Enquirer: 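My questions all concern the structure below.
Because the structure is predicted, anything quoted here is derived from the model rather than measured. Letters A, B, ... are given to chains in the order of the sequence lines, protein chains preceding strands, and every chain is numbered from 1. Basis for what follows: all heavy atoms, side chains included, without hydrogens, waters or symmetry-related copies.
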2 protein chains.
Amino acid sequence: MAVTLRDIARKARVHPSTVSRILQNNRTVKISEETRKRILAIARELDYQPNELARAFRLRKTQTIGLIIPDISNSFFSGISHSIEKQIYDAGYNLVVCNTNENLEKERKYVRNLMNRGIDGMIIATCQNDEKYFSDLKKKSLPFVLIDRFFANLATNCVFSDNKNSAFAAVEKLKNLGHRRIGFLRGRAQLSTIRLRLQGYLEAIRQFNLDDENELIAGDGFTVEEGYAATKSLLTLQNPPTALLTSGNRLVIGAMQAIKELQLKLPDDLSLIAYTDNLFTPYLACPLTTISHPLAEMGESAVNLLMQKISRPEDKTVVQIEVKTIFSVRESISACRPRMDE
Amino acid sequence: MAVTLRDIARKARVHPSTVSRILQNNRTVKISEETRKRILAIARELDYQPNELARAFRLRKTQTIGLIIPDISNSFFSGISHSIEKQIYDAGYNLVVCNTNENLEKERKYVRNLMNRGIDGMIIATCQNDEKYFSDLKKKSLPFVLIDRFFANLATNCVFSDNKNSAFAAVEKLKNLGHRRIGFLRGRAQLSTIRLRLQGYLEAIRQFNLDDENELIAGDGFTVEEGYAATKSLLTLQNPPTALLTSGNRLVIGAMQAIKELQLKLPDDLSLIAYTDNLFTPYLACPLTTISHPLAEMGESAVNLLMQKISRPEDKTVVQIEVKTIFSVRESISACRPRMDE
DNA sequence: CTGTTAGCGCCTTCAC
DNA sequence: GTGAAGGCGCTAACAG
């Protein structure tokens, strides 16, 4: 059995509450320097370890944050998690990581579970599209911050990136290179991030009078396989796009597979801009032009924001933080040349 | 305030313990079907959520597992974490993820912290080299499983891969292609994984009478930058290697950067075999020959093993599970040709 | 079948 | 300065 406050108290012939006061280092209560020293010595001698569980129970404060994400093995989320963990640790907290696999049921179970366990706050990259769920969640007075995916119409604390503008800029860039037929390889269509990127894409398409056709938009999901299939369908159209904007961290791998299989060469046969946060993209045969995220910054902002909300629960102001994506022009885009095989 | 057992009891005019028994669905105790129904209805009506914290405190069982890893943003660990999370969730547990950044102090703090929080077990990819620490840890009777990195001389539960054989096989493969001068791009030298790979490398070198020189071994660390520097140092030797075996998931990115910078072409100027678990390697300009890990299997085995140990604490038998790495021959290796520039 | 009692380890209020 | 008492919410042992 582990040693408790009581054990120390018994040995020191003082009351447990005295020991508690000393070990908490609570300076508001005066304790004679002599007993303080004595107690601390005994605590060290017995290698006292506070039972944090009992403490959390008593204080209703677990020093634990829940993180809910769709896929920890995706470099986007693992990068954010890495940053979040660091911040959380520095603040003296622990991190419970919950992986939903983009499964709505699992997400909801996890939220309930975390609340029942008495965590102090949550950071959520949600896979749902249900504003109501989160407006209800707000009423439970457990601080949370949405990350990456959020709801434009709902006043919740969140950290997100400039999805619309970045997509617009990508299309504009391609237009300037002479492309008029630009494909959009979408991820899960109903997510806020993807919807916003699609908006940016469409706005640019229309503003610049580029080919505006439904068949240029393909894909609904984030797996390598879905990326492969969608890319293949786009590139085997009667009138295929000369440039591609891919969305979703894994889709680009599938896209590259399809491109390779069709024996197309980047950037001569096809220009490619990818939303991706993989470290390898600069080192490919044809280094990809990418839109990536400041993952460390996103994690940091989310934690800072959450910590604010935890420390001042009475402050109900909603903070929404937009971070800028990073547009890295590399070799996978070039001036539009008509395909030779037609 | 959240609704408690007491609230339900009061409303139903029964004793709280009765409610507890019913909600636990404990079939060993007989409860009249009538009250059971009544209580359940009231619980639902009040949307009762058990306070898991109180429960954990009472039962000394948190349904939580701690995972200690060096770097969650490394695809090796994020892949394993993904698998672990899934298994843990299915078993009704939560996962606390602790990221050490290969920092020994942080690792030890985390272990203590987790124990004080009363987790039910740990899975650890340690960054330390101290057998004694773990032989002490064993005495604390908290089940744990080492993963990837372990101690050959210490009887602890662990899941690891065939580091030595896989390195041997890689060198043998290169020898069969005519290479006699093979570089070893090492990661952190003191880790068990790296030491074993080095052993396999050296055994093969000696058995096949290949060039056995200290200068062919370089690097000590796992960052991209360290991979870059070490590769550059190897490839700019007076008498550089014609083939390279790289160890460590990120080093290969640095290696590719160096190779590119030196304008060497894979596999003509250099053969490359990499220990890596990145998904992208097959889709590179020159698809890499790799040694990768069955990440899902490793996570699964670790969790299964841990769960066994948790459910049968009296069973002190030590289980050590070796998984097989996957050797994927792709285009980055070819028959040895002398470098033209000499 | 259900109620009573006790206590997990800690912190906090109130005494003295 | 320190002690005493009470209780967070739950479950387990023991009654009846």
Enquirer: Please tabulate, for the side chains in residues 37-46 of chain B, all donor-acceptor contacts under 3.5 angstrom to protein atoms that are two or more places apart in sequence or on a different chain.
Expert:
{"unit_1": "B/Arg38", "atom_1": "NE", "unit_2": "B/Glu34", "atom_2": "OE2", "d": "3.4"}
{"unit_1": "B/Arg38", "atom_1": "NH1", "unit_2": "B/Ala12", "atom_2": "O", "d": "2.9"}
{"unit_1": "B/Glu45", "atom_1": "OE2", "unit_2": "B/Lys11", "atom_2": "NZ", "d": "2.8"}

Enquirer: I'd like to know if the side chain of B/Lys106 and the backbone of B/Asn99 have a donor-acceptor N/O pair within less than 3.5 Å.
Expert: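 A pair under 3.5 Å: yes.
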
Enquirer: Could you state the atom-to-atom distance from CZ of B/Arg55 to C1' of D/dA12 in whole Å?
Expert: 13 Å

Enquirer: What is the ring orientation for B/Phe76 with B/His293, classed by angle as parallel under 30°, tilted 30 to 60°, or perpendicular over 60°?
Expert: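 B/Phe76 vs B/His293 ring planes: perpendicular.
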
Enquirer: Show me, range against range, the stems involving DNA chain C, built from at least 3 consecutive Watson-Crick or G-U pairs below 3.5 Å.
Expert: C:1-16 with D:1-16

Enquirer: Looking only at the side chain of A/Ala54 (C-beta and beyond, no hydrogens), which of the listed nucleotides D/dT2, C/dC10, C/dC11 gets closest?
Expert: C/dC10

Enquirer: Counting just side-chain N and O atoms, does B/Gln24 come under 4.0 Å of either OP1 or OP2 of D/dC10?
Expert: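 No, because none of the side-chain N or O atoms of B/Gln24 sits under 4.0 Å from OP1 or OP2 of D/dC10.
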
Enquirer: Measuring to OP1 and OP2 of C/dG9, would you say a side-chain N or O of B/Arg60 lies under 4.0 angstrom away?
Expert: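 Checking C/dG9 against B/Arg60, a side-chain N or O does come within under 4.0 Å of OP1 or OP2.
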
Enquirer: Mind checking if B/Leu5 touches a base, just sugar-phosphate, or nothing, with heavy atoms under 4.0 Å?
Expert: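 Base, at least one base atom sits under 4.0 Å.
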
Enquirer: Starting from C1' on C/dG9, measure out to CZ on A/Arg10 and report it in whole angstrom.
Expert: 13 Å

Enquirer: Is there side-chain contact between B/Leu23 and B/Leu5, with heavy atoms separated by less than 4.5 Å?
Expert: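 A side-chain contact under 4.5 Å exists here.
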
Enquirer: Considering only D/dT11, D/dC8, C/dG3, which nucleotide approaches the side chain of B/Arg6 most closely?
Expert: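 So the nucleotide nearest the side chain must be D/dC8.
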
Enquirer: Looking only at side-chain N and O atoms, does B/Ser17 come under 4.0 Å of OP1 or OP2 in C/dG3?
Expert: no

Enquirer: Is the backbone of A/Gly118 close enough, under 3.5 Å, to the side chain of A/Thr62 for a donor and an acceptor to pair up by distance?
Expert: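 Yes: the side chain of A/Thr62 pairs with the backbone of A/Gly118.
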
Enquirer: Mind calculating the distance between CD1 (A/Ile39) and P (C/dC10) to the nearest angstrom?
Expert: 14 Å

Enquirer: Calculate the interatomic distance between A/Glu52 atom CD and C/dC10 atom P; express it in whole Å.
Expert: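 Rounding to the nearest Å, CD of A/Glu52 and P of C/dC10 are 9 Å apart.
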
Enquirer: What nucleic acid atoms does A/Leu53 come within less than 4.0 Å of, heavy atoms only: base, sugar-phosphate, or nothing?
Expert: nothing

Enquirer: Give the intermediate values and the outcome of side-chain hydrogen bond (donor to acceptor under 3.5 Å, both in side chains) for residues A/Glu107 and A/Thr126.
Expert: CA-CA 7 Å; A/Glu107 178 175 324; A/Thr126 183; 2.5 Å; yes

Enquirer: Identify which nucleotide among D/dA4, C/dG3, D/dC10 has an atom closest to any side-chain atom of A/His15, counting heavy atoms from C-beta outward.
Expert: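 For A/His15, the side-chain atoms sit closest to D/dA4.
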
Enquirer: Has B/Tyr48 got a side-chain N or O lying under 4.0 Å from the OP1 or OP2 atom of D/dG9?
Expert: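 No, outside the criterion.
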
Enquirer: Ignoring the backbone of A/Val14, work out which of D/dC10, C/dG9, D/dG3 is nearest its side chain.
Expert: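 The answer is D/dG3.
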
Enquirer: Can a side-chain donor-acceptor contact be found between B/Gln87 and B/Ser83 if the only test is distance below 3.5 angstrom?
Expert: no

Enquirer: Quick check, does A/Phe57 stack with D/dC8? I mean ring centres under 5.5 Å and planes off by under 30°.
Expert: yes

Enquirer: Measure from the side-chain heavy atoms of B/Arg21 and tell me the nearest of D/dG9, C/dT12, C/dT2.
Expert: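 Among the listed nucleotides, the one closest to the side chain of B/Arg21 is C/dT2.
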
Enquirer: Just to be sure I understand the rule, does A/Pro50 reach a base, reach only the sugar-phosphate, or reach nothing, if contact means heavy atoms closer than 4.0 Å?
Expert: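 If one applies the 4.0 Å heavy-atom cut-off, A/Pro50 turns out to touch the sugar-phosphate alone, with no base involved.
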
Enquirer: Please tell me which of A/Arg58 and B/Arg13 maps to the more 5' nucleotide of DNA chain C, matching each residue to the nucleotide holding its nearest heavy atom.
Expert: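 Nearest-nucleotide comparison on DNA chain C picks B/Arg13.
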
Enquirer: Please determine if B/Arg188 forms a cation-pi arrangement with B/Phe222, meaning its NZ or CZ atom is less than 6.0 Å from the six-membered ring centre and no more than 45° off the ring axis.
Expert: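 No cation-pi geometry.
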
Enquirer: Any side-chain N or O of B/Ser20 under 4.0 Å from OP1/OP2 of D/dA12?
Expert: no

Enquirer: Can you tell me the distance, in whole Å, between the CD1 atom of A/Ile8 and the C1' atom of C/dC10?
Expert: 12 Å

Enquirer: Check whether any side-chain N or O of A/Thr35 sits under 4.0 Å from OP1 or OP2 of D/dG1, and answer yes or no.
Expert: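 So the side-chain polar atoms of A/Thr35 never come under 4.0 Å of the phosphate oxygens OP1 or OP2 of D/dG1.
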
Enquirer: Is there a side-chain contact between B/Phe150 and B/Phe134 in this structure, where contact means two heavy atoms from C-beta onward sitting under 4.5 Å apart?
Expert: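 Not in contact.
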
Enquirer: Using whole Å, what does the distance between atom P of nucleotide D/dC10 and atom CG of B/Leu23 come to?
Expert: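 After rounding, the gap between these two atoms is 9 Å.
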
Enquirer: Just how far, in rounded Å, is P of C/dG7 from CG of A/Asn51?
Expert: 18 Å

Enquirer: Ignoring backbone atoms, establish whether B/Thr18 has a side-chain N or O less than 4.0 Å from OP1 or OP2 of C/dC1.
Expert: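 It does not, given that no N or O in the side chain of B/Thr18 lies less than 4.0 Å from OP1 or OP2 of C/dC1.
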
Enquirer: Nearest-Å distance, CG (A/Leu59) to C1' (C/dT12)?
Expert: 10 Å

